[in-house]
Amino acid sequence: MPIENRYEFMYYIECRNGNPNGDPDLGNSPRMDPQDMHGYITDVAIKRRIRNYVQAAYNGEDGMEMLVRSASNINTGIARAKELAGVEVSAKGKNEVYAGRKAACGMFYDVRTFGAVMSTGPNAGQVRGPVQLTFARSLDPIESQDISITRMAKAADVSGAKTAADYEAWEAEQSEDTLRTMGRKQFTPYGLYEARGFISANLAQETGFDEKDLRIFFEAILNMYEHDRSASKGEMAVITPLVIFRHTGTDSDENQRKRQAKLGCAPAHRLFELVEVEKKAEVDYPRSWKDYHSVIRLDARPSGVDIGFLTSPYGEISWNQVPEDAEFFR
């Protein structure tokens, strides 16, 4: 059964000595706003890590495949969905397209969650996903550094070499200096990024995004960097807790209350304003989330909206009370 409540959520991503999202148009340096020098991470970069986690954690389970996978052709997945629906892959009539679209929502977690443009190739139409993410933006300006590094070995193409012995002979003839090379690394010493998201109960009715999918999504947010370690990512983590706003409604009439829960009881931007995070006055250059003062104004919570905190990927959501292990808001 699809979810019946509207949600908003926010979370904080910490990056130490890494490149959270390089810009290929700028030599892969960390992305930043040129006007105020605040860093940002694109929504698609975050979605990629969510997909990677779900694919690793739920591989083989029904309905948990990914349409958008690394080094793949999405038309293959679209064709499989239409075959599952029992229609001709090449058929592009309204009924065949809708059947493929419905099957794709059942097969692919990312289609059910984020939506997809599947009007290419075999054509299964388009899906608007219930979950939408913003760019994550750093709370303070970041410094982008470009440093030289020395590689103590090189990968040279040796003309005429056919065996390992040929390569060893060539290597023995070279000087030590010629077997080294220089490279560059782009990173930022520190950045704390705030990210926001939205979940539509109305769009969930279309894709079948249910409570299990929602719980897996929150799990993936908290775990996505734990399984994405690399030299370029440095020490990256989602700082707990994940803050969740759930619309529940206020009307005494059950049907009207359900309608309010779907449509929402407060504007999203007002809910996000309940969370206040700022750098401590005595800190010039933050290097940890502990260099920030963080509070959430539970006393200003609007009627018909619950505020939840998730501190563990597999734990229970604490509603309307900051849990003891939520250090970020202590």
Side-chain angles (χ1 to χ4, degrees), residues 9-34 37-59 66 68-72 110 113-114 131 133-153 181-197 216-242 277 285-292 310-314 327-328:
F9 57 93
M10 58 195 309
Y11 54 101
Y12 292 85
I13 301 171
E14 183 180 61
C15 176
R16 295 184 183 182
N17 299 320
N19 188 348
N21 187 199
D23 187 342
D25 291 329
L26 292 173
N28 205 44
S29 61
R31 297 182 188 271
M32 65 173 62
D33 184 332
M37 309 305 287
H38 285 238
Y40 63 90
I41 305 171
T42 63
D43 60 325
V44 291
I46 297 171
K47 287 178 181 178
R48 177 72 271 152
R49 279 150 188 84
I50 291 173
R51 285 185 171 101
N52 288 347
Y53 173 78
V54 174
Q55 195 171 2
Y58 295 91
N59 182 44
M66 295 294 154
V68 181
R69 294 173 290 111
S70 298
S72 67
D110 56 344
T113 303
F114 302 126
V131 179
L133 304 177
T134 65
F135 284 16
R137 184 178 176 84
S138 69
L139 299 178
D140 289 287
I142 66 168
E143 180 183 0
S144 177
Q145 295 192 15
D146 183 2
I147 61 173
S148 299
I149 57 174
T150 302
R151 186 181 183 189
M152 299 306 293
T181 186
M182 301 297 293
R184 307 200 69 79
K185 179 171 290 219
Q186 296 76 27
F187 74 103
T188 181
Y190 187 79
L192 183 63
Y193 295 74
E194 180 181 281
R196 302 174 177 183
I216 290 173
F217 176 72
F218 290 151
E219 173 190 327
I221 287 179
L222 293 182
N223 264 341
M224 62 182 173
Y225 288 111
E226 300 303 317
H227 300 270
D228 190 51
R229 302 299 183 190
S230 69
S232 68
K233 291 293 173 287
E235 296 180 56
M236 292 195 66
V238 174
I239 303 302
T240 59
L242 172 65
V277 182
Y285 304 105
R287 290 294 183 266
S288 166
W289 62 267
K290 296 179 181 179
D291 291 332
Y292 289 84
L310 185 61
T311 58
S312 167
Y314 316 110
E327 292 183 287
F328 193 60

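Crowding of E226 atom CD: a count of heavy atoms from other residues, nucleotides or ligands under 6.0 Å exceeding 12.
The CD1 atom of I46 sits 4.5 Å away from atom CD1 of I13, with the distance rounded to the nearest 0.5 Å. In this structure, Y11 OH and F218 CZ are separated by 11.0 Å, a value rounded to the nearest 0.5 Å. To the nearest 0.5 Å, the span separating CG on L242 from OH on Y12 amounts to 11.0 Å. For the atom pair CZ of R151 and CE of M182, the computed distance is 12.5 Å after rounding to the nearest 0.5 Å. The CD atom of Q145 sits 11.0 Å away from atom CD of Q186, with the distance rounded to the nearest 0.5 Å. Residue N52 holds its CG atom at 11.0 Å from CE of M224, rounded to the nearest 0.5 Å.
Using bins of under 30°, 30° to 60° and over 60° for the plane-to-plane angle, the ring pair Y53/Y58 lands in the perpendicular bin.
Formation of a donor-acceptor pair under 3.5 Å by the D110 side chain with backbone atoms of V68 is found in this model. No donor-acceptor distance shorter than 3.5 angstrom exists from the side chain of S138 to the backbone of G191, with no hydrogens or angles considered. N59 places no side-chain N or O within donor-acceptor distance of the main-chain N or O of A56, the cut-off being under 3.5 Å.
Just one of T42, L26, N19 meets the side-chain contact (heavy atoms from CB on, under 4.5 Å) condition when paired with R31; it is T42.
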Problem set entry | From CA spacing to verdict: side-chain contact (heavy atoms from CB on, under 4.5 Å), I147, F187 | CA-CA 8 Å; I147 61 173; F187 74 103; 3.8 Å; yes

For this session: May I have the step-by-step check of side-chain contact (heavy atoms from CB on, under 4.5 Å) for T113 and I216, ending in yes or no?
Result: CA-CA 11 Å; T113 303; I216 290 173; over 6 Å; no

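The closest side-chain heavy-atom distance from R48 to S70 is below 4.5 Å. Put simply, the side chain of W289 reaches to within 4.5 Å of the side chain of Y190, judged on heavy atoms. Annotation: side chain of N21 is not in contact with side chain of Y40 (no heavy-atom distance under 4.5 Å). Between T240 and L310 there is no side-chain heavy-atom pair separated by less than 4.5 Å. The shortest side-chain heavy-atom distance between N223 and Y314 falls under the 4.5 Å cut-off. Between R49 and K233 there is a side-chain heavy-atom pair separated by less than 4.5 Å. A 4.5 Å side-chain heavy-atom check between I142 and P30 finds at least one atom pair inside the cut-off.
For D146, the salt bridge (charged side-chain N to carboxylate O under 4.0 Å, His left out) test picks out R184, with sequence neighbours left out.
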